[in-house]
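These notes are about the structure you will find just below.
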Amino acid sequence: MREDVEALDIRDVTANWVNAEVLARQIDERIKALADLSDTPLFFGRLDYLHAPGAEQAEGAEGERFYIGRRHVHNGDGDPMVIDWRAPVSQPFYRASKKDPMDVGLRRRFGYTGGDLTAYEDEHLSDPREAARTSKLLQREIERPRVGPMRDIVATIQPEQDEIVRSGLGGTVCVQGGPGTGKTAVGLHRVAYLLYAHRERLARTGTLVIGPNRSFLHYIEQVLPALGELTVRQATVDDLVAQVEVRGTDDAAAAVVKGDARMAEVLRRAVYSHVRMPTEPVVVVRGSRRWRVPAYELEDIVRQLLSNTSRYRDGRDIRYGAAREALPQRIAHAVLVQMERSGEAPDDRVQDAVARNSAVKAAVKEVWPPVDPAKLVLRLLTDADFLAVHADGILTEEEQKTILWAKPARSVKSAKWSAADAVLIDEAADIVERTHSLGHVVLDEAQDLSPMQYRAVGRRCTTGSATVLGDLAQGTTPWATRSWDEALAHLGKSDGVIEELTAGFRVPTDVITYASRLLPHIAPGLTPVASVRENPGFFDLRAVAGDAEVVAACEELLRHEGSVGLIAADARVPALAEALASVGLSYLNPGEETTAETRLTLVPASLAKGLEYDYVVLDEPRAVVDGEPDERTGLRRLYVALTRAVSGLIVAHGGPLPSALTQE
C-alpha cells in the first residue's frame with residue numbers, strides 16, 4: 001500500500017503549483033501514516049460472523065470472516081484483508097460476550113512476541129456448550145512489561161472502555177477513572193475513532209490533546225501515530241495561553257484567587273470600563289454638505305452595541321473588539337439615513353467612506369478605545385484603586401490584597417508574569433476578540449485545573465466537543481476540582497455525560513489495595529479501583545537506613561525485565577541523584593524513553609502523574625506529603641506516586657509513615 005502511494009505521479013493531475021504542493025504534502029502524510037512498525041502486528045483478532053453483517057439472517061445463509069487490526073489493509077485488487085478496529089463491523093470484537101454474542105460464532109485473539117505471531121485463542125461465543133472464560137492472551141497483554149513510551153491498547157479495549165471510545169462527536173464526555181483504569185488510553189483512542197468516523201469535519205475544525213506537562217505529552221505522543229493518525233496537535237494549558245513570557249510564580253493563596261471563576265467578571269468589568277458615553281455630536285463633512293449625528297443618537301448606538309456584548313458565552317454575543325469595529329459602520333449608517341431623507345441615493349461605498357471619515361474615527365477612539373489584554377491585567381494587578389472598582393462586590397478586600405503585586409512592573413515585557421496571570425490575559429483577550437474553536441479537545445489530568453484554566457480550555461471548543469479525563473483523588477493543586485459537574489460548568493459543557501471506570505488494568509492488586517487506604521482522606525465517597533490483574537504483583541514496605549539502601553532497592557528491581565521508576569519528593573531528588581551517580585547507576589529524566597541500557601528513571605513526585613513503570617521504588621512517603629502546601633494535597637500527591645507501578649512496588653522509608661497509610 002505504501003509503495004502504491006510512493007509510485008503516484010501527480011505531474012499531469014494538478015492545475016497549478018499550489019495544488020501540486022497541497023497534493024504532494026497529502027501524499028507525504030499518507031506515506032508516513034503507512035509506515036511499518038517492526039514490533040507491532042497489523043492484525044490482532046478475527047471475527048467469524050454466523051451471517052454476513054447487514055444481510056438477512058435466514059437459515060442456511062453463509063457467514064463472513066474478518067481480520068481486525070489497528071488499520072485498514074487491502075490487497076493489490078483493493079479487497080480488504082484487515083478491517084480497521086474503528087469500523088462498525090469490528091465492534092463485536094470488543095463488545096460481544098456469551099450473553100450477547102452479537103451474531104459472532106467465533107472470536108479469535110492472536111498473541112505476538114516482538115511482532116511475530118506466537119499464539120492464538122478461540123472463543124465460540126454462540127456455542128452453548130462452551131462456558132465463558134477469561135482470555136489468557138488478553139490477560140498476558142495487559143500485564144506485559146512496559147518499556148519506552150505509552151503504547152496503544154487497541155487489542156485490549158474492554159466493553160466499558162469501548163462505549164466511551166465510540167461515543168458520538170456531538171457530545172462531551174467526562175471520564176472519572178482511578179489509577180490504571182486506562183482513561184488516558186481511552187481518551188486517545190476516542191480521538192482516533194472520531195477522526196475515523198468524522199474525518200472531513202475534523203480535518204476542517206482540528207483536534208487537540210491537552211496534557212499536564214511536556215514529560216506527559218512526550219510519554220503519550222506515539223499512541224496516535226501508531227494508529228495512523230498524525231494530525232492531532234498536543235499542548236499543555238500553559239502552551240495555549242502563552243501570550244506573555246512566564247517568569248514568576250504565585251504563592252498558593254494568590255494562585256487560588258487568580259484561578260477563581262469570579263475573576264472572569266472582574267476582567268469583563270475592567271475591559272468595558274473603557275467605553276465612555278458620547279457627550280458631543282459627530283459632524284461629517286462631505287463636499288459642501290455637513291451631516292450631524294447628535295450625541296443622544298450616538299449614545300443609543302453605543303448602548304445597543306453594549307447590549308449585544310452582554311450575552312457573554314451563550315454563543316450569540318459579540319466581543320469588545322468586534323463591537324468597536326462595528327461602531328463606525330453604525331455611525332455611518334445613521335449619516336446615510338439622513339442622506340436618503342434629503343433625497344440622495346448613497347450606496348455601500350459611500351457608507352464605507354463615511355465610516356473612514358476622520359471625525360468618525362476620532363469619535364470611535366474617544367468612545368470605544370482599543371484595549372490591550374496584557375496591559376489591562378497588568379493594571380489590575382498593580383493599581384489597587386482600579387482593581388477595587390472592578391472587583392467591588394466580587395472579591396473581598398483581603399482577596400484583592402492577595403493578588404496585588406508588591407512591586408509594580410514598569411511594562412508588560414518587564415513584568416514577571418505567573419502561569420495564573422497568563423490565564424487571566426487569555427481570558428481578557430477572549431473578551432476583546434473571540435478565541436478560535438476546534439472540533440474536539442481531549443483534556444487529560446483535568447482534576448488539577450483551576451476554574452479559569454477550564455474556561456481557557458472551554459473557549460477552544462465552544463463550537464466543538466470535549467473528552468475530559470481525570471481522577472478526583474489525584475488532584476494535587478490547592479485549586480483542584482471538587483466535582484466533575486462543577487468542572488464541566490466552567491468548561492462551558494454542563495450537558496456533558498460523566499462516565500466512571502473502576503476496573504484497574506495497570507496497578508497490581510496488592511499495590512492498589514495499599515494505596516486505597518488514602519481514599520477516605522483524599523476523596524471520600526469515590527469508588528476504589530478493583531484490579532483485574534491475575535498477578536497480585538510484588539509489594540514490599542521496607543525500612544531503610546539511608547540513600548544507599550534506596551539505591552540498592554533500585555538495583556534489585558533492575559534485575560527484573562522492564563522499566564524502573566525511583567519516585568521521590570522533589571527536594572530529595574538531588575541527594576538521590578548523587579547516590580545513584582556514586583555507584584555508577586545511570587538514570588533518565590521523566591518523559592525520556594527507556595532503552596535496553598538505561599531502564600531507571602528518577603522521577604520528582606510533582607512530575608509522576610500519568611507516568612507508569614514496571615517497578616517503582618517510592619522514597620520516603622512522609623517527605624512527599626510534607627512537600628505540598630497542605631496535608632490533603634500531600635496525601636493526594638502520595639496516592640499518585642504509589643500507583644505508578646505495573647508489576648511491583650517497594651516503599652522505602654527511614655522515618656515514620658503518614659498515619660493515613662498505617663490505618664487498615
Side-chain angles (χ1 to χ4, degrees), residues 1-8 10 14 18-44 68-74 80-87 90 115 148-155 157 165-166 169 184-211 213-236 239-240 436-444 460-461 464-467 469 591-593 610:
M1 289 171 65
R2 188 175 63 252
E3 288 171 355
D4 287 346
V5 178
E6 289 172 338
L8 289 174
I10 62 172
T14 54
V18 176
N19 288 346
E21 284 291 323
V22 171
L23 187 56
R25 191 182 313 117
Q26 290 175 341
I27 289 174
D28 187 52
E29 289 177 356
R30 176 67 173 163
I31 292 169
K32 289 178 182 177
L34 288 169
D36 285 321
L37 302 174
S38 59
D39 60 347
T40 303
L42 281 175
F43 65 93
F44 49 78
I68 312 301
R70 65 188 57 254
R71 57 178 313 125
H72 170 84
V73 181
H74 59 249
M81 299 177 67
V82 178
I83 305 298
D84 194 300
W85 66 276
R86 299 165 287 187
S90 302
M150 184 181 184
R151 62 172 186 260
D152 64 78
I153 60 164
V154 64
I157 295 173
V165 166
R166 294 177 192 265
L169 176 62
T184 296
V186 165
L188 295 175
H189 285 69
R190 176 160 155 73
V191 171
Y193 172 77
L194 292 175
L195 285 168
Y196 174 87
H198 308 277
R199 190 167 299 280
E200 288 188 10
R201 178 175 171 182
L202 289 177
R204 294 193 305 272
T205 57
T207 51
L208 172 67
V209 174
I210 302 173
N213 51 57
R214 284 275 142 212
S215 296
F216 180 83
L217 292 177
H218 182 68
Y219 177 64
I220 68 170
E221 67 184 358
Q222 292 305 315
V223 173
L224 289 166
L227 300 171
E229 303 298 346
L230 305 172
T231 60
V232 180
R233 180 184 160 211
Q234 296 183 5
T236 65
D239 293 333
L240 297 183
H436 174 68
S437 175
L438 299 166
H440 192 77
V441 170
V442 173
L443 175 61
D444 204 356
R460 266 81 186 174
C461 56
S465 56
T467 301
L469 312 165
E592 293 180 347
E593 190 169 333

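All residue numbers in this chain count up from 1 along the given sequence.
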Does a side-chain heavy-atom distance below 4.5 Å link [X] with [Y]?
X	Y	result
D152	W85	no
V442	L188	no
D444	V209	no
F216	T184	yes
L208	L240	yes

Nearest 0.5 angstrom please: [X] [atom1] to [Y] [atom2], how far?
X	Y	atom1	atom2	result
T205	H436	OG1	NE2	7.5 Å
L169	L194	CG	CG	5.5 Å
H218	I220	NE2	CD1	11.5 Å
T467	H440	OG1	NE2	3.0 Å
E21	Q26	CD	CD	11.5 Å
I68	S90	CD1	OG	3.5 Å

* To do: Could you tell me whether the side chain of D239 and the main chain of T236 form a donor-acceptor pair under 3.5 Å?
  => yes
* Asked: Do the side chain of R70 and the main chain of P41 share a donor and acceptor less than 3.5 angstrom apart?
  -> yes
* **Of all pairs that satisfy side-chain hydrogen bond (donor to acceptor under 3.5 Å, both in side chains), the ones with a partner from residues 193-202, not counting sequence neighbours** => R199-E229
* Asked: Would you find more than 12 non-hydrogen atoms of other residues, nucleotides or ligands less than 6.0 Å from R166 atom CZ?
  -> yes
* **Distance-minimising heavy-atom pair for H72 and P80** => CE1-CB, 3.8 Å
